[in-house]
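Residue indices begin at 1 and follow the sequence shown.
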Amino acid sequence: MAAGEPLGFVRICGLAFGTMLVAGGASAFNQVIERDLDALMRRTRTRPLPGQRLQPLEGLLFGSAITLAGVLFIVASSNLLAGAVALATLVTYVAIYTPLKTRTSFGTVIGAIPGALPPIIGWAATANELPVQAWVLFGIMFLWQLPHFLAIAWMYRDDYARAGFPMLPVIEPDGHSTARQAVVYAAALVPLSLAPTLMHMAGDYYFAGALVLGIAFLWLTLRFARTRAVKEARQVFFGSLVYLPVLWVLMIADKL
């Protein structure tokens, strides 16, 4: 979506590979820090550290190695700005989001910041700058994540409670706040997802497709808000997995 020097296939592969390594490094550090809590949750207790297939030092060394390699791949494939954004993604995930998860339900919102930065890495890589258009993509990713993760939190609220994570469904078990926030963020996503057309980044076909996708995703969250059932939460989760890649494909296909 960014106007800049074309990276070419090889450099794009290097950028994507480097981004994958940095994301893997963030996950490794997270699992080292949360290994005792992961052991308490059915969803995570078979991970390598709680399963005692790896030691914490091995996890730290592995995470450090792939993080360093990932940043070097990104810089070599593009520029220092993209590498700096990738490193900021890891730092905010590991040093800010991970500790907050055990302290406040607001950690989910903070966690959406590093989760929304990968499009910024890509924009920085090709344009070597971060104009407002790049932050529109960030905003779309940010808002999309919150109904996505609130649905996960509702489905696995017993697991999170067992491990002591103060997720919103844990501290307010009736689900009203969880459902209301899912609806609010999905509703905010509708107009923001239309901004690429209004800012002359994408065309009318994208606008129509984004509007349909946004309304459909909002409808799923409204159904969840009405029932607060696991079935509807799972539909929000799977709906989010369809929404995002289809939106990106529409945006790229109708790029102006």
Side-chain angles (χ1 to χ4, degrees), residues 14-41 43-125 130 134-135 137-139 141-146 148-150 152-153 156 159-160 162-168 170 244:
L15 176 66
F17 184 65
T19 303
M20 180 188 73
L21 290 177
V22 173
S27 179
F29 290 132
N30 173 267
Q31 291 187 42
V32 170
I33 295 168
E34 294 184 345
R35 61 190 183 276
D36 294 333
L37 297 175
D38 282 348
L40 301 174
M41 299 172 64
R43 190 169 62 91
T44 55
R45 64 189 178 191
T46 59
R47 286 176 174 176
L49 286 163
Q52 298 186 339
R53 299 190 302 278
L54 281 178
Q55 296 303 309
L57 180 59
E58 294 173 309
L60 284 173
L61 291 174
F62 176 74
S64 300
I66 64 173
T67 296
L68 177 61
V71 172
L72 291 176
F73 262 102
I74 291 170
V75 173
S77 302
S78 55
N79 53 52
L80 286 172
L81 179 59
V85 176
L87 195 57
T89 304
L90 180 137
V91 170
T92 53
Y93 186 88
V94 175
I96 301 176
Y97 165 62
T98 297
L100 281 177
K101 283 173 67 179
T102 59
R103 291 172 170 82
T104 172
S105 63
F106 193 68
T108 303
V109 178
I110 300 300
I113 295 173
L117 283 172
I120 299 293
I121 299 173
W123 197 291
L130 297 175
W135 295 104
L137 303 187
F138 170 89
M141 279 291 294
F142 178 85
L143 291 174
W144 166 85
Q145 285 177 92
L146 291 159
H148 172 84
F149 283 119
L150 288 168
I152 294 174
Y156 294 102
D159 243 6
Y160 285 119
R162 191 178 299 112
F165 285 110
M167 306 293 283
L168 191 58
V170 173
L244 192 65

- Message: Assess the residue pair Val109 and Leu146 against the criterion (side-chain contact (heavy atoms from CB on, under 4.5 Å)); give the C-alpha distance rounded to whole Å, side-chain angles, the decisive distance to 0.1 Å, and a yes or no.
- Response: CA-CA 7 Å; Val109 178; Leu146 291 159; 4.1 Å; yes
- Query: Where the side chain of Asp38 meets the backbone of Leu49, is there a donor-acceptor pair that is under 3.5 Å apart?
  - Reply: no
- Message: Would Met141 and Leu244 count as a side-chain contact (heavy atoms from CB on, under 4.5 Å) here? Give the steps.
- Response: CA-CA 8 Å; Met141 279 291 294; Leu244 192 65; 3.5 Å; yes
- Message: Would the distance check show the side chain of Gln31 and the main-chain N or O of Ala28 forming a donor-acceptor pair, the cut-off being under 3.5 Å?
- Response: no
- Query: Looking only at heavy atoms, which two atoms of Arg53 and Arg47 are closest? And how far apart?
  - Reply: NH2-C, 3.6 Å
- Chi angles and distances behind the side-chain contact (heavy atoms from CB on, under 4.5 Å) call for Thr92, Tyr97: CA-CA 6 Å; Thr92 53; Tyr97 165 62; over 6 Å; no
- Message: Has Thr67 got a side-chain atom pairing as donor or acceptor with Gly63's backbone, closer than 3.5 angstrom?
- Response: yes
- Message: Can you confirm whether Leu68 sits close enough to Leu21 that some side-chain heavy atom of one is under 4.5 Å from a side-chain heavy atom of the other?
- Response: no
- Message: With side-chain contact (heavy atoms from CB on, under 4.5 Å) as the criterion, how do Leu40 and Phe165 come out once you've worked through the C-alpha distance, each side chain's angles and the decisive distance to 0.1 Å?
- Response: CA-CA 11 Å; Leu40 301 174; Phe165 285 110; over 6 Å; no
- Task: Answer yes if the side chains of Tyr156 and Arg162 hold a donor-acceptor pair under 3.5 Å, and no otherwise.
- Result: no
- With Phe29, which of Val91, Leu90, Thr98 fulfils side-chain contact (heavy atoms from CB on, under 4.5 Å)? Leu90
- Glu58 (side chain) donor-acceptor with Leu54 (main chain) under 3.5 angstrom: no
